[in-house]
Amino acid sequence: MKRYSALTVLAEGLSGQKGWQPAFRTPDPRAGYDIVIIGGGGHGLSAAYHLAEKHGLSRVAVLEKGWIGGGNTGRNTTVVRADYYHPESARMYDLSVRMYEGLSRELNYNIMYSGRGMLELIHNEHQMELMARMVNAMRLNGIGVELIGRDEVLAMEPLLERGENVRWPIHGAMYQPKAGVARHDAVAWGYARAADALGVDIIQECEVTGLVVSGGRIRGVQTTRGIIGAERVGMAVAGHSSVLAAMAGFDLPIQSYTLQAMVSEPLKPCLRTVVASLFIGVYVSQSDKGELVMGGGLDRCPSYAQRGNLPMTRSVLEGLTALFPSFSTLKLMRQWGGIVDVSPDSSPIIGPTPLDGLFINCGWGTGGFKAIPVGGLLFAHTLATGGHSEMSAPFDLGRFSSHRLIDEAAGAGIAH
Ligand code: FAD
């Protein structure tokens with residue numbers, strides 16, 4: 001892997017950037033691989049990297065119908081946090097946050113992780129009691145969260161509405177000091193570059209259109225670039241999981257919804273933390289470019305529409321400007337949507353499927369960016385061994401028939 005010094009960067013800038021090396025190869029697909037991963041989002045790329053790095057498997061391909069990170073990974077609002085309720089999820093998301101902290105170094109690629117802390121606002125005494133229970137449960141699971149009062153919140157974020165006789169007064173917050181944000185594209189590119197350097201083929205513009213099945217097990221995939229054989233196949237296609245499962249002949253308990261986000265014009269630094277209100281259904285952080293990155297809840301109806309719409313924009317902006325009245329003068333620059341995969345208990349599904357040799361990673365819903373490091377690690381283990389690690393076992397698809405759900409609907413920050 002070519003390394004660039006500060007001088008090379010300067011020379012490239014002055015000479016029209018003619019000497020840059022591509023970050024990864026663009027190979028043609030081979031006839032067959034040990035493992036094929038469908039979906040070049042964060043989870044597919046992270047799994048490919050871990051397959052090569054931890055399990056020594058490099059006859060691996062990632063097949064992406066568009067460009068890597070072009071799905072939800074490059075459309076999300078990049079909040080990384082671990083404030084989940086149940087022990088199974090708490091330890092998994094907590095490991096992911098810790099992996100994010102060291103990821104730039106591990107991948108030798110600046111993913112711009114910023115552990116700036118997150119405030120989940122509380123607006124009245126009743127919500128305070130509710131949040132106290134959540135905080136206690138999380139602390140019992142070893143997660144670093146605390147309840148803080150109004151004065152501390154306003155000292156951290158002085159632009160928040162200070163009035164007490166307003167629609168959403170600030171009563172306090174759940175504060176998670178280690179939560180933060182990272183650069184989403186860089187996470188995809190960093191994993192892609194590191195996986196490629198270990199021999200993984202990353203093949204873009206290669207849509208999987210069918211599965212090759214014989215003798216009761218999967219043998220490969222049909223794609224827009226021909227048939228590609230595989231011993232094992234993993235699918236990490238988020239909002240399209242049910243479409244792929246239908247090709248394999250089984251149903252998934254997943255519904256796909258549009259989730260939207262938007263950014264303002266850039267500003268000088270004015271927000272220190274990520275600020276969310278679960279009760280209003282709005283959250284905001286400030287990007288390194290200065291834009292306010294904002295989002296809210298899901299669209300109401302299931303859909304495969306990958307675009308924004310006015311009613312959701314309005315609802316997010318109403319909530320945001322109630323919290324930060326001074327933001328009401330800002331211009332909105334862009335809005336967009338992604339298709340997220342929501343499971344009945346708002347927890348992911350990782351592991352084998354009813355089709356022998358086919359494995360799944362999906363159901364991350366509105367919160368899978370934060371889980372890319374750990375999701376890839378666990379999925380790689382499943383793909384390499386055919387079985388579960390202790391951490392992924394509770395997230396098996398079988399939990400929906402054995403009724404051992406991990407209900408995180410309330411613990412997930414923004415309801416999903
Ligand atoms: P994706 O990144 O969607 O990748 C799946 C890939 O599969 C896509 O690139 C797609 O093109 C490809 N694909 C689909 N079908 C096929 C096929 N047939 N053949 C080949 N390729 C195929 N999470 C957080 O943790 N924090 C947040 O702040 C946050 N905010 C969000 C805001 C928005 C607006 C959205 C939409 C999502 C947000 N999320 C957030 C959720 C997060 O983005 C996702 O959970 C996560 O990116 C899922 O990653 P993935 O790799 O599973 O899926």
Side-chain angles (χ1 to χ4, degrees), residues 36-48 61-82 84 93 96-97 100 118 179-182 184-185 187-188 191 203-211 221-225 228 233-247 256-263 274 276 283-285 293-299 304 306-308 312 316 335-343 348-350 360-376 379 412-414 416:
V36 157
I37 297 174
I38 311 170
H43 284 269
L45 294 165
S46 163
V62 178
L63 309 182
E64 166 54 49
K65 73 174 175 182
W67 62 94
I68 61 160
N72 294 331
T73 297
R75 292 167 183 270
N76 78 89
T77 44
T78 78
V79 181
V80 173
R81 58 191 166 85
Y84 284 74
Y93 288 105
S96 208
V97 173
Y100 259 117
M118 177 164 177
V181 291
H184 47 18
D185 299 319
V187 173
Y191 273 121
I203 302 164
Q204 304 183 83
E205 298 184 326
C206 181
E207 179 170 357
V208 171
T209 51
L211 304 180
V221 291
Q222 293 163 9
T223 78
T224 45
R225 295 178 68 176
I228 303 173
V233 175
M235 49 191 248
V237 294
H240 289 89
S241 298
S242 302
V243 177
L244 268 289
M247 291 180 195
S256 294
Y257 289 88
T258 305
L259 179 67
Q260 302 183 41
M262 56 216 77
V263 291
V274 180
Y283 63 96
V284 60
S285 67
V293 184
M294 305 163 261
L298 293 167
D299 277 15
Y304 286 103
Q306 199 171 243
R307 58 169 184 262
M312 181 50 74
V316 168
Q335 56 156 179
W336 64 90
I339 311 165
V340 296
D341 41 338
V342 179
S343 72
I349 303 170
I350 306 169
I360 194 164
N361 167 327
C362 71
W364 297 99
T366 63
F369 177 73
K370 68 173 80 65
I372 284 173
V374 80
F379 198 36
I414 292 289
H416 67 168

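For this chain, numbers begin at 1 and follow the sequence in order. Here the structure is a predicted model, which is why all the values come from computation and not from measurement. In listed order, ligands and their atoms are each counted from 1.
Set against the non-hydrogen atoms of Trp364, the atoms of ligand 1 under 4.0 Å away are 45 (O). Close approach to Gln260 involves these atoms of ligand 1, each under 4.0 Å from a residue heavy atom: 34 (C). Within the listing of ligand 1, atoms 24 (C), 25 (O) sit less than 4.0 angstrom from a heavy atom of Lys370. Interface of Ala238 with ligand 1, defined as ligand atoms under 4.0 Å from a residue heavy atom, comprises 3 (O), 52 (O), 53 (O). Counting the atoms of ligand 1 from 1 in the order shown, those under 4.0 Å from a heavy atom of Arg75 are 33 (C), 34 (C). Ligand-side atoms of ligand 1 in range of Ala261: 34 (C), range being under 4.0 angstrom from any heavy atom. Within the listing of ligand 1, atoms 41 (C), 45 (O) sit less than 4.0 angstrom from a heavy atom of Gly365.
Note: Thr209 OG1 to Leu244 CG = 10.0 Å, rounded to the nearest 0.5 Å. Within the model, atoms CZ of Arg75 and CG of Leu259 stand 11.5 Å from one another, a figure rounded to the nearest 0.5 Å. Considering CD1 of Ile203 and OG1 of Thr223, their distance stands at 8.0 Å, rounded to 0.5 Å. The structure places CG of Asp341 at 9.5 Å from OG1 of Thr366, a figure rounded to the nearest 0.5 Å. For the atom pair OG1 (Thr73) and CZ (Phe369), the distance works out to 7.5 Å, reported to the nearest 0.5 Å. Separation of atoms CD1 (Ile38) and CD1 (Ile360) is listed at 10.0 Å; rounding is to 0.5 Å.
Counting only heavy atoms from C-beta outward, the side chains of Lys370 and Val97 never approach each other to under 4.5 Å. Counting heavy atoms from C-beta outward, Thr78 and Val293 have side chains that stay 4.5 Å or more apart. For the pair Arg307/Thr258, no side-chain contact is recorded, criterion being any heavy-atom separation below 4.5 Å from C-beta on. The closest side-chain heavy-atom distance from Phe379 to His43 is not below 4.5 Å. Counting only heavy atoms from C-beta outward, the side chains of Val243 and Tyr304 approach each other to under 4.5 Å.
By the 3.5 Å distance cut-off applied to N or O atoms, His240 is not counted among the residues near ligand 1. Close N/O approach between Asn361 and ligand 1 is not found [any backbone or side-chain N/O within under 3.5 Å]. Between Glu64 and ligand 1, at least one pair of N/O atoms sits closer than 3.5 Å. Ligand 1 has an N or O atom lying under 3.5 Å from an N or O atom of Gly42, backbone or side chain. The N/O atoms of Gly367, backbone and side chain alike, include one that comes under 3.5 Å of an N/O atom in ligand 1. Note: no N/O pair closer than 3.5 Å links Gly70 and ligand 1 by distance alone. In terms of polar-atom proximity, defined here as any N/O pair under 3.5 Å, Val340 makes no such contact with ligand 1.
Between the Ser256 side chain and the Gly239 main chain, a donor and an acceptor come within less than 3.5 Å of each other.
Remark: distances from the non-hydrogen atoms of Ser46 to ligand 1 are all 4.0 Å or more. Look at Leu244 and you'll find a heavy atom under 4.0 Å from some atom of ligand 1.
In terms of protein heavy atoms, atom 2 (O) of ligand 1 is closest to Thr73 OG1, 2.6 Å. For atom 22 (C) of ligand 1, the closest non-hydrogen atom of the protein is Lys65 CG, 3.7 Å. Looking only at protein heavy atoms, the nearest one to atom 31 (C) of ligand 1 is Asn76 CB, 3.1 Å. Atom 30 (N) of ligand 1 has as its closest protein heavy atom Thr77 OG1, 2.8 Å. Here the heavy atom of the protein found nearest to atom 3 (O) of ligand 1 is Asn72 N, 2.8 Å. At the shortest separation from atom 13 (N) of ligand 1 among protein heavy atoms lies Val237 CG1, 3.8 Å. Among all protein heavy atoms, the one lying closest to atom 19 (N) of ligand 1 is Val208 N, 3.0 Å. Ranking the protein heavy atoms by distance from atom 48 (C) of ligand 1 puts His43 CD2, 4.0 Å first.
Looking at residues two or more places apart in sequence or on another chain, you find a side chain to side chain donor-acceptor pair (under 3.5 Å) between Gln260 and Asp299, Asn309. Every residue two or more places apart in sequence or in another chain that forms a side chain to side chain donor-acceptor pair (under 3.5 Å) with Arg225 is listed here: Asp28.
The part of Ile38 lying near ligand 1 is the side chain, judged by heavy-atom distances below 4.0 Å. Only the backbone of Leu63 comes within contact range of ligand 1, with a heavy atom under 4.0 Å; no side-chain atom does. The side chain of Tyr283, and not its backbone, has at least one atom closer than 4.0 Å to an atom of ligand 1 (non-hydrogen atoms only; side chain from C-beta on). Under 4.0 angstrom from ligand 1, the non-hydrogen atoms of Thr366 all belong to its backbone. At a heavy-atom cutoff of 4.0 Å, ligand 1 is contacted by no atom of Cys362, backbone or side chain.
Contact detail for Ala179 and Arg81: the closest heavy-atom pair is CB-CB, 3.8 Å.
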- Task: Kindly indicate, with the supporting measurements, whether the criterion side chain to side chain contact (heavy atoms under 4.5 Å, CB included) is fulfilled by Met247 and Gln222.
- Result: CA-CA 11 Å; Met247 291 180 195; Gln222 293 163 9; over 6 Å; no

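When Tyr257, Phe369, Phe379 are ranked by how near their heavy atoms come to atom 23 (N) of ligand 1, first place goes to Phe369. Nearest to atom 26 (N) of ligand 1 by heavy atom, out of Val79, Asp341, Thr78, is Val79.
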